[in-house]
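Handing you this structure, nothing more for now.
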Amino acid sequence: MQIDVKKVENCFAGSRSYEYKLPIDGECFFELLDGWEKKEHHKYRRPLFTADRDGVNIKGILKANTIKVSFPAANWEAAKESFESWLVDNVE
């Protein structure tokens with residue numbers, strides 16, 4: 001799988017946030033997150049989800065195929081590489 005990823009710019013200097021475009025929607029991706037602390041939020045116009053594990057934070061809209069992932073400051077490069085490896089292995 002080719003990963004479509006781009007750095008997300010925001011107002012925080014040195015942010016480690018990236019946007020990933022997935023071949024599946026958020027609902028399907030949410031189901032793959034075994035072992036993550038995950039929550040669904042249905043009170044919004046476009047229901048969304050969040051997931052956290054080991055300082056990696058994922059946010060996405062359940063009916064969309066784009067997620068935003070933030071990595072921990074201490075080891076963000078290793079965490080990003082590990083997440084992308086998991087993504088390639090688990091998302092078709």
Passes salt bridge (Lys or Arg N to Asp or Glu O under 4.0 Å), Lys63 versus Glu27? Steps please.
CA-CA 7 Å; Lys63 297 288 185 184; Glu27 289 178 329; 3.4 Å; yes
Applying salt bridge (Lys or Arg N to Asp or Glu O under 4.0 Å) to Glu84 and not counting sequence neighbours gives Lys80
Kindly indicate, with the supporting measurements, whether the criterion side-chain contact (heavy atoms from CB on, under 4.5 Å) is fulfilled by Leu87 and Phe29.
CA-CA 10 Å; Leu87 199 60; Phe29 180 76; 3.7 Å; yes
Within 45° of the ring axis of Phe49 and under 6.0 Å from its six-membered ring centre, is that where the NZ or CZ of Lys38 lies?
no
So CG of Asp54 and CD of Glu37: to nearest 0.5 Å the spacing works out to 11.5 Å
Can you name the nearest heavy-atom pair linking His42 to Pro47, along with the distance?
ND1-CB, 3.7 Å
Where does the angle between the aromatic ring planes of Trp76 and Tyr18 fall among parallel (under 30°), tilted (30 to 60°) and perpendicular (over 60°)?
parallel
Check against side-chain contact (heavy atoms from CB on, under 4.5 Å), Leu33 and Trp86
CA-CA 10 Å; Leu33 296 172; Trp86 176 88; 3.7 Å; yes
Quick one: are Val56 and Pro72 in side-chain contact, heavy atoms under 4.5 Å?
yes
Give me the atom names and distance for the closest heavy-atom approach of Arg46 to Ala64.
NH2-CB, 4.2 Å
Which atom names give the shortest non-hydrogen contact between Ile58 and Val69, and what distance separates them?
CG1-CG2, 4.1 Å
Here the pair of heavy atoms bringing Leu62 nearest to Glu40 is CD1-OE1, 3.6 Å
Nearest heavy atoms of Asp25 and Cys28, plus distance in Å
OD1-N, 2.9 Å
Straight-line distance of Ile67 CD1 to Ile24 CD1, nearest 0.5 Å
8.5 Å
Which distance, rounded to the nearest 0.5 Å, do you find between the NZ of Lys6 and the NZ of Lys68?
10.0 Å
Could you give the distance from CD1 (Ile61) to OH (Tyr44), rounded to the nearest 0.5 Å?
12.0 Å
For the residue pair Asp52 and Trp36, what are the closest heavy atoms and their distance?
C-CE3, 3.5 Å
Verify, without hydrogens or angle tests, whether Asn65 (side chain) and Pro23 (backbone) share a donor-acceptor contact under 3.5 angstrom.
no
Name all residues meeting the side chain to side chain donor-acceptor pair (under 3.5 Å) criterion together with Glu19; count only those two or more places apart in sequence or in a different chain, and write none if there are none.
none
My understanding is that only residues two or more places apart in sequence, or in another chain, count here; which of them pass side chain to side chain donor-acceptor pair (under 3.5 Å) with Thr50?
His41
